[in-house]
Amino acid sequence: MLFGTVQANADPSTILVFPFENVTNDRTLDWIGEGISQLIIERLQPEHGIWTFSREERLGAFEKLGIPETTMVSRATALKLGWDMGADHVVTGRFAGTADNFQIVARVVDMDAGAATEVTIEGKLQDVIPLSMSAAWRILKKAVPDTVSPEADYTARPPVPRSAFENYIRGILTQDFQKRSELLQTAVRLHPQYGPALFELGRISHLQRDFKDSNQWLQKIPETSYLRRQASFLMGLNYFYLADYAPATTVFQTLPAVYDVLLNLGAAFSQNGDRDSAADAWRRAIDTDSLASDAFFNLGYLSLIKDDLESAARNLTESLKLRGRDSEALFLLGRTYEKLGRLEESGKAIAQASRLSQRVDRWLTQPLPKLERLATSTLFRSRDEIWTEQRLIRRARSQDLPAWLELIQMDIDLYLLGDALRELHGLLRVYPESSEALSLLDEVRRQQNLR
């Protein structure tokens with residue numbers, strides 16, 4: 001039996017879009033399946049009243065389940081991912097036909113109703129972009145029936161030339177960074193204001209640690225692009241890694257004050273010598289998410305540097321209560337205990353840290369390394385924004401209680417106690433009288449009290 005009252009859902013409707021299946025006999029068109037999906041995602045993301053998961057979020061979910069990113073998942077797997085990610089609507093589809101008789105069929109599943117409807121768009125293959133835009137608008141109408149966005153906003157003109165679009169999609173699909181970069185640069189040459197291609201070029205340079213080049217690409221993204229916020233976040237990271245902390249601070253201050261932004265803002269303040277502002281940013285991060293360990297870790301590290309040993313011990317202990325097998329936190333706690341004269345506890349903490357990481361042995365004879373932690377994902381979304389009461393109950397319908405408890409037990413076994421508490425809080429909102437969940441909660445508290 002499910003417990004809890006379903007609240008009226010005034011939150012944006014969430015949409016998860018998968019690549020479309022190629023059911024033509026032409027394998028050279030396989031890239032179009034990802035292309036249709038990406039066009040729909042990009043067009044829906046700026047819309048009010050909906051929250052469209054990005055390709056990056058979908059691939060992150062694939063990785064958790066061990067699914068290769070190029071896999072065409074079954075409908076059952078698509079639904080499972082929809083339940084796991086908190087999607088209100090799941091979009092799968094296919095494309096078929098010939099150059100002169102081309103067809104896109106989108107299947108839209110309403111996860112609450114458990115019902116699916118199909119959207120069919122027909123035309124010519126050369127018009128795949130406007131056809132995809134028509135499909136996007138029809139999907140929007142399914143997800144948000146009272147939308148005021150007119151169809152003409154979607155179909156008036158293609159958002160990008162076909163040639164640029166093809167190079168962009170082929171670029172994001174290739175695993176070779178050099179080839180990917182060449183294809184994306186071709187897309188930008190063909191369409192200089194192509195925000196998604198510019199963002200991917202910036203991300204490639206960032207991953208290759210060419211932070212200056214990364215910012216040069218990212219700065220070209222139009223201010224009106226829906227990607228501007230993610231681009232700014234990545235630019236802030238680039239400035240930080242270039243040791244250019246003042247502009248890093250400025251960039252992070254312009255972004256919404258969510259956990260990841262505050263974590264990075266504090267690190268930029270700290271490296272720029274403003275320790276009081278750093279500590280304030282990290283305390284604000286903890287206020288937004290008390291189950292994440294990194295802000296506690298950074299506060300503990302900063303306190304140790306300042307010789308505020310009691311604060312260092314307290315914050316590092318809080319960090320370890322959320323992430324138990326953390327060699328860096330254990331090492332710093334050991335150093336803190338050493339300075340406090342608690343030598344036996346110091347020896348135990350450092351010995352445990354050494355067992356977890358060989359780096360610790362080197363640190364024993366070196367100055368304290370720089371260990372402030374950063375958030376590197378450009379998504380910086382709050383879990384609480386997704387997991388409303390209604391979506392938790394829907395997830396419970398799709399995933400029985402034993403399976404949910406097993407996931408929590410895995411987190412506990414890995415000493416990811418903060419993650420375990422997140423899942424337990426969600427589960428207990430749906431099953432408040434579950435004796436098994438309450439028992440696991442007691443186990444988490446017991447392990448935390450050992451710290």
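This is a predicted model, so every value here is computed, not measured. We count residues from 1, following the sequence as given.
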*Will you find, in the side chains of Arg445 and Gln448, an N or O donor that is under 3.5 Å from an N or O acceptor?*
yes
*Side-chain contact test, heavy atoms from C-beta onward, threshold under 4.5 Å: evaluate it for Phe53 versus Leu81 and give yes or no.*
no
*Specify the closest pair of heavy atoms between Leu16 and Ala87, including all atoms of both residues, with the distance to one decimal.*
CB-CB, 3.8 Å
*Looking at side-chain heavy atoms only, is the closest gap between Leu417 and Arg323 below 4.5 Å?*
no
_Any donor-acceptor N/O pair, Ser225 side chain to Pro222 backbone, under 3.5 Å_ = no
*Please list, chain by chain and in numerical order, all residues satisfying side chain to side chain donor-acceptor pair (under 3.5 Å) with Asp307, sequence neighbours excluded.*
Lys339
_Stepwise side-chain contact (heavy atoms from CB on, under 4.5 Å) check, Arg395 with Trp404_ = CA-CA 10 Å; Arg395 178 182 174 185; Trp404 204 342; 3.6 Å; yes
*Ala353 and Phe331: which non-hydrogen atoms are nearest, and at how many Å?*
CB-N, 3.7 Å
*Given Ile32 and Ile36, is the side-chain contact (heavy atoms from CB on, under 4.5 Å) satisfied, shown in steps?*
CA-CA 6 Å; Ile32 290 179; Ile36 296 171; 3.7 Å; yes
*How are the rings of Phe233 and Phe252 set relative to one another: parallel (under 30°), tilted (30 to 60°) or perpendicular (over 60°)?*
perpendicular
_Hydrogens and angles aside, do Thr250 and Gln253 bring a side-chain donor and acceptor to less than 3.5 Å of each other?_
no
*Can you name the residues that form a salt bridge (Lys or Arg N to Asp or Glu O under 4.0 Å) with Glu200, not counting sequence neighbours?*
Arg203
*Is the count of non-hydrogen atoms from other residues, nucleotides or ligands lying under 6.0 Å from Lys348 atom NZ greater than 12?*
no
*In Å and rounded to the nearest 0.5 Å, what is the CG to OG distance from Asn238 to Ser205?*
8.5 Å
*For Glu56, does the CD atom have more than 12 heavy-atom neighbours from other residues, nucleotides or ligands under 6.0 Å away?*
yes
*Flag the pair Tyr259 / Asp294 as yes when at least one side-chain heavy-atom distance between them is below 4.5 Å, and no otherwise.*
yes
*Could you grab the distance from atom CD1 of Ile221 to atom OG of Ser232, nearest 0.5 Å is fine?*
8.5 Å
*Apply the test side-chain contact (heavy atoms from CB on, under 4.5 Å) to residues Leu207 and Phe177: give CA-CA distance (whole Å), side-chain angles for both, the deciding distance (0.1 Å), then the verdict.*
CA-CA 10 Å; Leu207 293 172; Phe177 271 14; 3.9 Å; yes
*asked:* Strictly distance-based, threshold 3.5 Å: is any side-chain N or O of Ser303 a donor or acceptor partner for the main-chain N or O of Leu299?
replied: yes
*Sub-4.5 Å side-chain heavy-atom contact between Asn315 and Phe297*: no
*Can you check salt bridge (Lys or Arg N to Asp or Glu O under 4.0 Å) on Arg359 and Glu328, steps first, answer last?*
CA-CA 9 Å; Arg359 293 182 302 165; Glu328 293 178 352; 3.1 Å; yes
*asked:* Looking only at side-chain N and O atoms, does Ser181 offer a donor or acceptor that is under 3.5 Å from a partner on Gln185?
replied: yes
*Angle class for the His191/Tyr194 ring planes (parallel below 30°, perpendicular above 60°, tilted otherwise)?*
perpendicular
*For Asp289 and Ala285, indicate whether the former's side chain and the latter's backbone hold a donor-acceptor pair under 3.5 Å.*
no
*What do the steps show when you test Val90 against Phe18 for side-chain contact (heavy atoms from CB on, under 4.5 Å), and what is the final call?*
CA-CA 8 Å; Val90 168; Phe18 289 87; 3.7 Å; yes
*Are there more than 12 heavy atoms of other residues, nucleotides or ligands under 6.0 Å from atom CD of Gln366?*
yes
*Taking only residues two or more places apart in sequence or in another chain, which ones pass salt bridge (Lys or Arg N to Asp or Glu O under 4.0 Å) with Glu406?*
none
_Measuring from atom CG of Asp153 to atom OG1 of Thr147, what distance do you get when rounded to the nearest 0.5 angstrom?_
9.5 Å
*salt bridge (Lys or Arg N to Asp or Glu O under 4.0 Å) assessment of Glu69 paired with Arg55*: CA-CA 10 Å; Glu69 65 178 65; Arg55 179 174 184 267; 3.7 Å; yes
*Decide if the gap between the ring center of Tyr245 and the ring center of Tyr239 is smaller than 6.0 angstrom.*
no
*Apply the test salt bridge (Lys or Arg N to Asp or Glu O under 4.0 Å) to residues Glu318 and Arg283: give CA-CA distance (whole Å), side-chain angles for both, the deciding distance (0.1 Å), then the verdict.*
CA-CA 13 Å; Glu318 288 301 317; Arg283 291 190 193 100; over 6 Å; no
*For Ser346 and Arg342, indicate whether the former's side chain and the latter's backbone hold a donor-acceptor pair under 3.5 Å.*
no
*CD of Gln45 to OG1 of Thr52: how many Å apart, nearest 0.5 Å?*
6.0 Å
*Mind checking whether His206 and Tyr241 have side chains closer than 4.5 Å, heavy atoms only?*
yes
*Ring-face cation of Arg429 near Trp387 (centre distance under 6.0 Å, axis angle within 45°)*: no
*State whether the side chain of Trp51 and the backbone N or O of Ile15 hold a donor-acceptor pair below 3.5 Å, judged by distance alone.*
no
*Among Arg180, Lys179, Gln178, side-chain hydrogen bond (donor to acceptor under 3.5 Å, both in side chains) partner for Glu182*: Gln178
*Does the side chain of Leu190 reach to within under 4.5 Å of the side chain of Pro161, using non-hydrogen atoms?*
no
*Check Arg58 against Val17 and note the closest heavy-atom contact, atom names and distance.*
NH1-O, 3.2 Å
*Give the intermediate values and the outcome of salt bridge (Lys or Arg N to Asp or Glu O under 4.0 Å) for residues Glu372 and Arg275.*
CA-CA 12 Å; Glu372 284 114 334; Arg275 293 177 175 175; over 6 Å; no
*For Lys64, does the NZ atom sit with more than 12 other heavy atoms under 6.0 Å from it, leaving out its own atoms?*
no
*Is the shortest heavy-atom distance from the side chain of Leu140 to the side chain of Tyr154 under 4.5 Å?*
yes
*asked:* Quick one, Arg229 and Pro256 - any side-chain contact, counting heavy atoms below 4.5 Å?
replied: yes
*asked:* For a quick test of reading the model, state the closest non-hydrogen atom pair linking Leu79 to Met111 and the distance between them.
replied: O-CE, 3.6 Å
*Interatomic distance, Phe211 atom CZ to Leu218 atom CG [nearest 0.5 angstrom]*: 12.0 Å
*Can you name the closest pair of heavy atoms from Asp88 and Pro12 and give their distance?*
OD2-O, 3.9 Å
*is_close_aromatic(Phe165, Trp31), centroid dist under 6.0 Å*: yes
*Supply the atom-to-atom distance His89 NE2 to Thr14 OG1, rounded to the nearest 0.5 angstrom.*
8.5 Å
*Could you tell me whether a side-chain N or O of Ser37 sits under 3.5 Å from a main-chain N or O of Gly33, the two making a donor and an acceptor?*
no
*What's the shortest heavy-atom distance between Thr249 and Ala268, and which atoms?*
OG1-CB, 3.4 Å
_For the backbone of Ala420 and the side chain of Glu423, can you confirm whether one donor and one acceptor N or O come within less than 3.5 Å of each other?_
no
